[in-house]
Chemist: 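Questions regarding the structure given below will be posed in turn.
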Amino acid sequence: MQAFEVNFDGLIGPNHNYSGLAFGNLASFRNAKNVSKPKQAALQGLEKMRTLLNLGYKQGFILPQERPDIGLLRRLGFTGSDRDVITSAANKSPELLPMIYSASSMWAANAATVTPSMDSSDGRCHFTPANLITTNHRAIEHHGTQKTLSLIFNDERFFKVHNALPSLMKFADEGAANHTRLTPDYNRPGVGLFVYGRDDLSPNTELKFPARQTLQSCVALARQHELDDTSTIFLQQSSEAINAGAFHNDVVAVGNGPVLFYHEAAFEESSRNNAFAKLNQVLAFQPICVTNDKVSLKDAISSYLFNSQLLANKDGDMTNMRLIAPTECRDNPAVNHFLQALVNDVSQPIRHVEFVDVRQSMSNGGGPACLRLRVTLTEQELDAVHPAFILNHAAIDRLHSWVSKHYRDELSPDDLKDPDFMEECRTALDDLTGILGIGNFYDFQR
Ligand code: SUG
């Protein structure tokens with residue numbers, strides 16, 4: 001039976017805004033309080049999905065979460081009608097509004113860690129929603145993520161959607177942004193490469209920004225997903241990369257099939273040597289290291305070179321791969337030059353580069369790879385996925401019209417204080433569930 005990689009992109013919500021909420025994420029800080037363009041953001045996301053579809057890949061999507069999270073404000077003591085809750089928060093604690101209004105669920109690479117059925121001892125595909133405990137606005141996502149994944153992957157014969165790991169700093173988990181499945185080909189068992197920034201048992205005093213993933217969370221995920229020791233590898237991010245703004249490993253490395261494309265400064269050296277030795281034992285591992293003299297760490301992070309999607313050919317051929325890179329890579333002379341040389345270098349399998357414009361998301365630190373959750377599925381498993389979340393051109397067109405109808409061209413930080421904007425977001429989400437035929441999914445619809 002043929003297996004595929006399916007990318008499920010986060011559909012960008014009408015509340016996309018710039019609030020500077022993510023310490024250590026340089027773009028989020030730089031753009032804090034800028035006016036955002038929600039319609040453009042969502043359409044850029046949809047066009048990226050269409051690019052993959054046009055290239056012959058399978059493409060799915062994940063629902064935006066309900067925002068504002070009125071339930072959270074109620075738990076903080078705000079009362080009255082939902083409009084009253086927004087108005088009194090705006091008057092008394094306006095600093096809470098960005099948190100309950102963040103559109104951060106768009107970055108589906110942080111939705112969950114995924115282990116395909118070929119790798120797990122129970123033969124099911126496992127999902128663990130990330131607890132995202134490091135930032136407040138993201139720590140409130142995992143309940144919604146679990147609900148969404150349980151709707152999309154709603155067949156216990158094939159899928160197991162776990163609870164998030166406990167919301168404790170010891171188990172800080174940011175999902176697939178720090179996890180790469182490497183495999184000779186999609187039909188064969190693979191290896192889970194878990195990357196962590198911090199070992200909770202040995203504090204790292206060199207860090208100036210938070211390391212968002214712990215070794216302890218990686219170990220727990222591997223256990224939960226029923227991976228055996230030979231197919232589990234732990235690898236430590238370098239403090240240098242985290243301090244330079246690589247708040248997730250997918251800012252400095254991306255892998256697929258037997259290939260790991262990474263910046264030389266991405267990992268702690270001894271940890272990398274151990275991990276690579278193990279990878280060499282279990283598969284015909286193909287590391288592609290980009291050295292500092294070719295692309296500096298600074299350029300790598302500002303262009304998001306490694307946040308490209310690394311794709312096998314549409315038929316799964318791992319000798320003919322492509323990168324879906326952000327346009328910022330084309331605009332950076334050193335990175336663009338590097339990419340042109342890369343695709344001409346036949347000693348490695350990356351043959352093509354496609355540039356996509358996801359600038360609205362990039363301005364919050366989210367590139368092409370942040371926007372998608374990868375799930376390797378057999379044909380039988382794909383048939384069991386909720387069909388409303390697998391895209392074709394007609395479905396993308398419908399979502400395009402939906403965005404055009406409901407989203408604002410511009411959103412400023414002060415707009416979050418207006419209860420009419422809450423109603424606007426709800427009307428959009430209500431219409432979305434109608435279009436998808438999934439009934440009353442969101443809390444406000446109950
Ligand atoms: O968690 N930005 C996100 C970006 C996530 C990118 N994902 C991956 N690398 N996989 C984050 O830092 C900014 C929100 C704001 O400031 O409004 C934010 O949450």
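Along the sequence shown, the residues carry numbers beginning at 1. Note that ligands are numbered from 1 as they come in the structure, with each ligand's atoms numbered from 1 the same way.
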Chemist: Against heavy atoms of Ser19, which atoms of ligand 1 measure under 4.0 Å?
Modeler: 15 (C), 16 (O), 17 (O)
Chemist: Could you tell me whether some N/O pair between Arg138 and ligand 1 is separated by less than 3.5 angstrom?
Modeler: yes
Chemist: Quick check on contacts: which atoms of ligand 1 are under 4.0 angstrom from a heavy atom of Leu21?
Modeler: 15 (C), 16 (O)
Chemist: Distance under 6.0 Å and angle within 45° of the ring axis: does Lys314 meet both against Tyr57?
Modeler: no
Chemist: Between Lys160 and Glu226, is there a salt bridge with N-O shorter than 4.0 Å?
Modeler: no
Chemist: Which of the numbered atoms in ligand 1 are under 4.0 angstrom from any heavy atom belonging to Gly365?
Modeler: 4 (C), 6 (C)
Chemist: Purely on distance, is any nitrogen or oxygen of Ser102 under 3.5 Å from one on ligand 1?
Modeler: no
Chemist: Counting only heavy atoms not in Lys170, do more than 12 fall under 6.0 Å of its NZ?
Modeler: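 Yes, because the 6.0 Å sphere around NZ of Lys170 holds more than 12 heavy atoms from other groups.
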Chemist: Tell me which protein heavy atom sits closest to atom 18 (C) of ligand 1, plus the residue, atom name and distance to 0.1 Å.
Modeler: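 Looking at atom 18 (C) of ligand 1, the protein heavy atom closest to it is Trp107 CZ3, 3.5 Å.
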Chemist: Could you go through Gln213 and Asp173, starting from their C-alpha distance and side-chain angles, then the distance that decides it, and tell me whether this counts as side-chain hydrogen bond (donor to acceptor under 3.5 Å, both in side chains)?
Modeler: CA-CA 5 Å; Gln213 185 90 27; Asp173 172 26; 3.1 Å; yes
Chemist: Establish, yes or no, whether the cationic atom of Lys33 lies under 6.0 Å from the six-membered ring centre of Tyr18 and within 45° of the ring axis.
Modeler: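 The answer is no; the distance or angle limit is not met.
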Chemist: Within a distance under 4.0 Å of any heavy atom of Ala177, pick out the atoms of ligand 1 and give their elements.
Modeler: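 Numbered from 1, ligand 1 contributes 10 (N).
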Chemist: Which of the atoms of ligand 1 are close to Asn25, meaning less than 4.0 Å from one of its heavy atoms?
Modeler: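 Checking each atom against Asn25, I get 2 (N), 3 (C), 4 (C), 11 (C), 12 (O).
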Chemist: May I ask you to list the atoms of ligand 1 that are less than 4.0 angstrom from any heavy atom of Gly20?
Modeler: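 The atoms of ligand 1 under 4.0 Å from a heavy atom of Gly20 are 15 (C), 16 (O), 17 (O).
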Chemist: I'd like to know whether Glu410 forms a salt bridge (charged side-chain N to carboxylate O under 4.0 Å, His left out) with Lys39, so could you lay out the CA-CA distance, the side-chain angles of the two residues, the decisive distance to 0.1 Å, and finally the verdict.
Modeler: CA-CA 8 Å; Glu410 294 198 337; Lys39 186 179 288 179; over 6 Å; no
Chemist: Look at atom 8 (C) of ligand 1 and find which of Cys370, Ser105, Gly10, Ala32 reaches it with the closest heavy atom.
Modeler: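 Ranked by closest heavy atom to atom 8 (C) of ligand 1, first place is Cys370.
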Chemist: When Gln59 is tested against each of Asn7, Asp9, Asn54, Thr51 for side chain to side chain donor-acceptor pair (under 3.5 Å), which residue passes?
Modeler: Asp9
Chemist: Quick test of your reading of the structure: of Asn110, Asn364, Leu132, Leu371, whose heavy atom lies closest to atom 15 (C) of ligand 1?
Modeler: Asn364
Chemist: Determine, for Lys417 against Asp415, whether the closest basic-nitrogen to carboxylate-oxygen distance falls under 4.0 angstrom.
Modeler: no
Chemist: May I ask you to establish whether Arg124 and Phe158 are in a cation-pi arrangement, using a distance under 6.0 Å from NZ or CZ to the six-membered ring centre and at most 45° from the ring axis?
Modeler: no
Chemist: Output the list of atoms in ligand 1 that are nearer than 4.0 Å to some heavy atom of His137, sorted by atom number.
Modeler: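 Close to His137: 14 (C), 18 (C), 19 (O).
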Chemist: Using a strict cut-off of 4.0 Å, indicate which atoms of ligand 1 neighbour a heavy atom of Asn17.
Modeler: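 Once the distances to Asn17 are compared, the set is 17 (O).
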Chemist: Going by an N to O cut-off under 4.0 Å, is there a salt bridge joining Glu141 and Arg138?
Modeler: yes
Chemist: Short N/O distance, under 3.5 Å, between Asp250 and ligand 1?
Modeler: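 Yes, Asp250 has an N/O under 3.5 Å of an N/O on ligand 1.
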Chemist: Less than 4.0 Å is my threshold; does some heavy atom of Arg212 fall inside it relative to ligand 1?
Modeler: yes
Chemist: I want to know if ligand 1 touches Ser28 in the polar sense, i.e. an N/O pair below 3.5 angstrom.
Modeler: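 Looking only at distances, the answer is yes, because the N/O contact criterion of under 3.5 Å is met.
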